[in-house]
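Report on one structure; see the data block that follows.
Just so it is clear: chains get the letters A, B, ... in the order the sequence lines come, proteins before strands, and each one is counted from 1.
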There are 2 protein chains.
Amino acid sequence: MSPEARPTIADVARKAGVSKGLVSFALNDKPGVSAQARTRILDAAAELGWTPNLRARSLSTGRSFACGLVIGRSTDVIAADPFFPSLIAGLEDVFSVSGQVLVLSAATPGRHEVETYRGLAADRRVDGLILTDLRAADERIALVGELGLHAVTLGRPDVDSPFSSVSVDDGAGIRCAVEHLAALGHDRIAHVAGPDAMLHARRRTAAFEDAARANGMSSRVVRTDFSAAQGATATRDLLALADAPTAIVYSNDQMAVAGIGVAERLGLRVPGDLSVSGFDDTELGRHLRPALTSVATDARAWGAAAARALLGMLAGDAVAHIELAEPTLVIRESTSVSPHPPTGGLGRH
Amino acid sequence: MSPEARPTIADVARKAGVSKGLVSFALNDKPGVSAQARTRILDAAAELGWTPNLRARSLSTGRSFACGLVIGRSTDVIAADPFFPSLIAGLEDVFSVSGQVLVLSAATPGRHEVETYRGLAADRRVDGLILTDLRAADERIALVGELGLHAVTLGRPDVDSPFSSVSVDDGAGIRCAVEHLAALGHDRIAHVAGPDAMLHARRRTAAFEDAARANGMSSRVVRTDFSAAQGATATRDLLALADAPTAIVYSNDQMAVAGIGVAERLGLRVPGDLSVSGFDDTELGRHLRPALTSVATDARAWGAAAARALLGMLAGDAVAHIELAEPTLVIRESTSVSPHPPTGGLGRH
DNA sequence: TTGTATGCGTTATCAC
DNA sequence: GTGATAACGCATACAA
């Protein structure tokens with residue numbers, strides 16, 4: 001009598017005069033159903049407005065039709081980082097049109113990272129995971145493999161991994177920034193980096209040091225947790241040095257913004273006395289004064305590519321390692337000619 | 001032979017020498033099980049390491065053990081808005097310790113808002129929803145009700161609603177900002193607001209106009225979509241007026257930052273020539289120069305309260321309307337005494 | 001080419 | 001009071 005009662009596969013079978021099993025075969029385009037039975041079944045299903053019950057399907061197939069993203073960073077850091085919302089937007093671009101759903105889990109005060117992965121796997125809440133913020137010798141790779149889940153990593157791990165990966169050569173972005181500064185005559189530069197445990201922070205640091213060396217610049221690196229607060233502290237420390245840098249390459253935009261604030265408070269002009277470049281090319285950057293020179297990566301495209309790769313793995317595709325387009329340097333107002341051009345440098349022209 | 005095979009309730013029943021049904025009763029603390037049978041069952045379950053299969057549980061109980069958050073705003077706007085990550089962090093604080101999972105859906109190019117809600121409901125992917133960014137005469141209230149889902153709204157809707165709500169009096173925050181500016185001698189102020197269709201944008205606008213009137217100030221309002229770009233445009237328009245305001249109250253921090261950029265580009269000093277206040281008290285704000293005066297709301301606490309309210313509804317609690325702590329104004333460097341103090345105003349002291 | 005049985009946990013229904 | 005049984009909803013291995 002319930003008006004809400006959805007038709008079940010049994011209703012369709014009865015109406016079409018066949019068994020439940022055959023209905024399932026017909027509706028999933030499996031072989032072994034006569035053309036005649038197939039049309040009878042499809043008609044009956046359409047007439048009743050039948051759609052499969054996802055939960056029953058989930059139980060019998062062992063799939064969740066959901067993928068997960070575990071956010072391991074402190075949530076305070078996430079809130080300040082526009083990378084995640086953009087990544088999520090990209091994931092949704094793909095998941096939303098393929099019947100998948102995105103399950104978001106954060107490591108919270110009440111439950112830590114490994115437990116979060118174990119919980120998702122124990123309950124089979126997801127079929128696969130997006131692994132982000134890869135760390136050196138990341139134990140999550142093995143953990144997720146043992147838990148029997150599929151996954152795609154953002155960037156290639158430094159350990160053996162059975163998973164597909166989608167990468168962006170952020171090192172190339174940093175290199176662009178350093179070369180830009182070299183061309184402007186800077187020869188004493190610094191990098192405000194992310195945590196050394198994170199692979200992409202390491203990669204950026206290495207690219208920075210290589211590019212500085214290749215361009216004959218003296219360089220320095222300060223590590224942070226990616227937060228604006230530590231970006232500010234790092235800047236204060238760098239500018240207090242006797243041979244303070246004339247340009248700083250930051251590993252994200254919010255640290256760059258905080259760094260500009262610190263420099264200006266010390267009476268320095270940006271870019272007159274200090275050039276600053278950011279990373280991620282946040283919307284806000286172009287509205288600041290000075291507008292921020294920044295390395296532009298396409299987090300949304302990254303998310304979309306990762307989602308596609310994960311769906312591919314779930315469908316049984318071979319492991320693939322996808323390299324996305326190189327980031328580009330967007331030059332705005334926060335970088336300019338060095339205040340202390342090296343002898344024979346560009347300052348002469 | 002599968003080494004992965006989890007014990008099922010049938011294994012427990014066999015080991016305890018009872019039926020599946022009785023095992024279920026025993027493990028869910030239902031009456032009708034003798035103390036003797038209960039201990040036998042519990043021992044057997046512990047010995048086998050049995051845990052219920054969530055998918056089977058989901059099928060038989062009709063619950064998903066998941067809650068959803070649909071993000072209706074353009075994803076580009078979300079990426080720039082630290083409100084959502086903080087909200088999500090708050091939701092996770094509660095969900096993660098109560099066996100719930102957060103399903104995130106975004107209105108994407110391929111699928112729009114109403115379809116997203118219908119899709120979640122059709123597949124019963126979630127038991128309840130968090131409704132945010134409430135609009136005037138919001139059709140989602142009725143829609144979600146018809147779809148048979150529970151929900152909690154962030155803020156009280158302007159239509160009849162069967163759902164609990166969790167609210168913050170953002171009007172009070174705006175009032176604080178206006179009174180602060182009045183005390184500084186400003187008498188020509190403006191508000192850069194969010195979309196008029198959004199209830200909280202309306203509420204803030206109304207609070208702004210009331211407070212300006214109560215303090216004898218002339219006021220103006222410009223509407224935007226909350227993006228930094230439109231915040232910049234609005235500021236340019238306001239400052240081009242013959243009687244340009246001496247202070248602008250922005251409805252979020254990123255518009256305030258963009259506004260400061262525009263003002264400085266026009267040769268105005270902030271706060272010397274123009275005072276600026278933001279909303280949300282973003283981490284970044286305190287590192288800017290000038291550091292941003294902003295209305296602080298606790299998005300994370302808001303999320304946690306909403307999650308608790310939703311779990312309450314799912315458990316059958318009565319509809320509740322929760323009012324959170326009033327926002328506070330954090331006064332920093334971007335607001336100061338008016339450059340044109342009104343006659344008899346504070347400028348004399 | 002088609003029908004049947006089984007897997008999952010919960011719960012309504014029935015038997016003692 | 002105490003317990004067993006069957007049905008739910010779908011996919012699929014297997015039998016016919």
Side-chain angles (χ1 to χ4, degrees), chain A residues 1-2 4-42 44-45 48-66 99 122-125 127 314-316, chain B residues 1-2 4-42 44-45 48-66 99 122-125 127 314:
Chain A
M1 240 325 282
S2 160
E4 299 290 343
R6 269 170 61 167
T8 74
I9 201 168
D11 297 321
V12 178
R14 203 172 313 121
K15 188 166 185 99
V18 296
S19 72
K20 290 198 308 177
L22 202 63
V23 173
S24 178
F25 269 61
L27 283 143
N28 291 317
D29 271 329
K30 303 237 170 172
V33 186
S34 69
Q36 184 188 351
R38 182 183 302 275
T39 45
R40 257 209 336 277
I41 290 166
L42 261 48
L48 292 170
W50 177 82
T51 50
N53 178 318
L54 184 82
R55 295 207 265 244
R57 224 152 88 94
S58 191
L59 175 60
S60 58
T61 59
R63 283 181 297 157
S64 311
F65 307 100
D123 288 343
R124 294 279 140 177
R125 308 283 316 223
D127 301 319
L314 296 178
Chain B
M1 236 331 279
S2 161
E4 298 290 342
R6 267 170 62 168
T8 74
I9 201 168
D11 297 323
V12 179
R14 204 172 313 121
K15 189 168 184 98
V18 295
S19 71
K20 289 199 309 177
L22 203 64
V23 172
S24 179
F25 271 62
L27 283 143
N28 292 317
D29 270 329
K30 303 231 173 176
V33 187
S34 68
Q36 184 189 351
R38 180 183 305 273
T39 44
R40 256 210 335 278
I41 291 167
L42 262 48
L48 292 170
W50 177 83
T51 50
N53 177 319
L54 185 82
R55 295 208 265 243
R57 226 152 86 94
S58 192
L59 174 61
S60 57
T61 59
R63 282 180 297 157
S64 313
F65 308 99
D123 289 342
R124 294 277 140 179
R125 309 280 322 221
D127 300 321
L314 295 178

Output the distance between atom [atom1] ([X]) and atom [atom2] ([Y]), rounded to the nearest 0.5 Å.
X: R125(A); Y: F65(B); atom1: CZ; atom2: CZ; answer: 8.0 Å
X: I9(B); Y: L27(B); atom1: CD1; atom2: CG; answer: 6.5 Å
X: T61(B); Y: D127(B); atom1: OG1; atom2: CG; answer: 8.0 Å
X: R124(B); Y: R63(B); atom1: CZ; atom2: CZ; answer: 13.0 Å

Task: Residue closer to the 5' end of DNA chain D, G21(A) versus P31(B) (nearest nucleotide) - done: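 Its nucleotide being nearer the 5' end, the pick is P31(B).
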Across the strands shown, which category fits [X] at heavy-atom distances under 4.0 angstrom: base, sugar-phosphate, nothing?
X: S24(B); value: base
X: K20(A); value: base
X: V18(B); value: sugar-phosphate

Using whole Å, what does the distance between atom [atom2] of nucleotide [N] and atom [atom1] of [X] come to?
X: D123(A); N: dG9(C); atom1: CG; atom2: C1'; value: 13 Å
X: D29(A); N: dA11(D); atom1: CG; atom2: P; value: 12 Å
X: F25(B); N: dG9(C); atom1: CZ; atom2: P; value: 15 Å
X: I9(A); N: dG7(C); atom1: CD1; atom2: C1'; value: 15 Å
X: L22(A); N: dA15(D); atom1: CG; atom2: P; value: 19 Å
X: R14(A); N: dG9(D); atom1: CZ; atom2: P; value: 11 Å
X: I41(A); N: dG3(C); atom1: CD1; atom2: C1'; value: 12 Å
X: N28(A); N: dG9(D); atom1: CG; atom2: C1'; value: 14 Å

- [ ] Please determine, by modelled atom types, if S64(A) and R55(B) share a side-chain donor-acceptor pair under 3.5 angstrom.
- [x]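 Result is yes, a qualifying pair exists.
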Task: Short side-chain N/O contact from W50(B) to OP1 or OP2 of dG9(C), under 4.0 Å - done: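 So the side-chain polar atoms of W50(B) do come within 4.0 Å of the phosphate oxygens OP1 or OP2 of dG9(C), strictly under.
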Task: Which residues share a side-chain hydrogen bond (donor to acceptor under 3.5 Å, both in side chains) with D11(A), sequence neighbours left out - done: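 Result, side-chain hydrogen bond (donor to acceptor under 3.5 Å, both in side chains) vs D11(A): R14(A).
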Task: 4.5 Å side-chain heavy-atom contact, V12(A) and R40(A) - done: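 No, too far: nothing below the 4.5 Å cut-off.
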TODO: With a 4.0 Å heavy-atom cut-off, tell me which residues in residues 51-61 of chain B come close to DNA chain C, sorted by residue number.
DONE: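 Heavy-atom contacts with DNA chain C come from N53(B), A56(B), R57(B), S60(B), T61(B).
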